[in-house]
Structures are given as C-alpha cells and as structure tokens.
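Down below is the structure, laid out as structure tokens.
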Amino acid sequence: MSALWHHADWVSTVHPLGRWARGWNEVLATWREIAAVFSIYRGHDKRADRIGSPHHLSVEVCGDTAYSYAVFESCLYMPEGELKLTLNETNILHRFDGQWKVVHHHADQAPAEWQERIRRMVAAG
C-alpha cells in the first residue's frame, strides 16, 4: 500500500470502519489497522471467491489529476453467517514525476451492525 500513496502531510482517507486520517503517517496507520483485522479473519481460508471487489468503476483523468468512483461489494464468511457490505468509494490520484499516486481515498461508513460483527471477530482473536 505504501508504494501506491503519495507521502505528504495533506493526503487523506476514511474507511468503512474508521475515522478520518490526514497526513501520510495517519493514513498508513489506517491501512495497518485494516491489515491487522484481516490477519485475524479466516472466513476465506478454504474459499476461492474474493473478499470484495469494485463494480461500476469509472475513471476520469484531468491533466495530472485523476479520480475514480465505484460501488464496492464485499462478503465475509463469519461464524454466525455471511456478512455482506455494499458501499461507495472514491479515489483521487495525482501524477508526480510521471507516477500516479493516491492522495485521497474515501469509502462510506459501514452499517453499525457490520462494524459490531467485525469488532467481535477482532476481540475473539
């Protein structure tokens, strides 16, 4: 994830389970939190399907800035049953020295029930 992002104090993100993060150090911390959650998750260990993927992806390029938007659909297989999520996501990228880097990522907040089930999974280890 680090290689995809521009490392500046003005980059920003928010994820389905999180709070707003501003600046590369905070943004990186959010991705580390997500990695920690999915290091615990085992619902896909014996499955071939994806945890989630974007649908209806649109990308627009305006000079050295680009943005994308999509509907992200996810399905986790939890002990108490499937946990499905559909949310909107937006990404903004900028071209620095010929390389595209993410400068902003936004995803809708997950419903409270979804967040609670993830919290219980993390607490259970």
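Residue numbers run from 1 in the order of the sequence given.
- The CZ atom of Arg47 sits 7.0 Å away from the SG atom of Cys75 when rounded to the nearest 0.5 Å.
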Show your working on side chain to side chain contact (heavy atoms under 4.5 Å, CB included) between Leu76 and Phe38 and close with a plain yes or no.
CA-CA 10 Å; Leu76 302 180; Phe38 282 98; 3.9 Å; yes
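- Across all their heavy atoms, Lys101 and Ala3 have their closest contact at NZ-O, 2.6 Å.
- A salt bridge does not link Lys84 with Glu73: none of the charged nitrogens is closer than 4.0 Å to a carboxylate oxygen.
- The pair Arg117-Glu82 does not meet the salt-bridge criterion, since no charged nitrogen lies less than 4.0 angstrom from a carboxylate oxygen.
- Below 30°, between 30° and 60°, or above 60°: for His44 and Tyr41 the angle between ring planes is between 30° and 60°, a tilted geometry.
- Residues Trp114 and Leu83 are in side-chain contact: their nearest non-hydrogen atoms beyond the backbone lie under 4.5 Å apart.
- Panel note: side chain Glu26, backbone Arg22; a donor-acceptor pair is recorded below 3.5 Å.
- Considering all non-hydrogen atoms of both residues, Ile51 and Ser74 come closest at O-OG, 2.9 Å.
- Counting non-hydrogen atoms of other residues, nucleotides and ligands closer than 6.0 Å to CD of Gln109 gives a total above 12.
- In the hydrophobic clustering of ILVMFWY residues, with side-chain heavy atoms under 4.5 Å counting as a link, Val71 and Tyr69 come out apart.
- The environment of Arg95 atom CZ is dense: over 12 non-hydrogen atoms of other residues, nucleotides or ligands sit within 6.0 angstrom.
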Working note: His106 + Glu89, criterion side chain to side chain contact (heavy atoms under 4.5 Å, CB included); need CA distance, chi angles, decisive distance, verdict. CA-CA 5 Å; His106 174 267; Glu89 66 176 8; over 6 Å; no
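- Between Ala110 and Gln115, the shortest heavy-atom distance links the atoms O-NE2, 2.7 Å.
- Under the 4.5 Å side-chain heavy-atom criterion for Ile, Leu, Val, Met, Phe, Trp and Tyr, Val102 and Trp20 are members of distinct hydrophobic clusters.
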- Walk me through it: do His105 and Trp5 pass the test ring-ring contact (aromatic ring centres under 6.0 Å, His included)? CA-CA 10 Å; His105 167 74; Trp5 277 82; 7.1 Å; no
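- Between Met121 and Val37 the shortest side-chain heavy-atom distance falls below 4.5 Å.
- Residues Leu93 and Val103 are not in side-chain contact: their nearest non-hydrogen atoms beyond the backbone lie 4.5 Å or more apart.
- Here the closest heavy-atom approach between residue Leu87 and residue Ala107 is recorded as CD1-CB, 3.9 Å.
- Of the inter-residue distances, the one linking Ser12 atom OG with Ile92 atom CD1 reads 7.5 Å to the nearest 0.5 angstrom.
- In this structure, His104 NE2 and Thr90 OG1 are separated by 6.5 Å, a value rounded to the nearest 0.5 Å.
- Criterion: ILVMFWY side-chain heavy atoms under 4.5 Å apart, direct or through other members. Under it, Ile34 and Val14 are not part of a common hydrophobic cluster.
- Residues Trp100 and Gly63 share a closest heavy-atom pair of CH2-O, 3.8 Å.
- With a 4.5 Å cut-off on side-chain heavy atoms, Ser68 and Glu60 do not count as touching.
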Passes side chain to side chain contact (heavy atoms under 4.5 Å, CB included), Ser2 versus Trp24? Steps please. CA-CA 9 Å; Ser2 180; Trp24 171 240; 3.6 Å; yes
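- Within the 4.5 Å cutoff, the side chain of Phe72 has no heavy atoms near those of the Pro16 side chain.
- Ring planes of Trp10 and His6: tilted class, angle from 30 to 60°.
- Inspection of the Tyr77 and Asp49 side chains reveals an N or O donor paired with an N or O acceptor under 3.5 Å.
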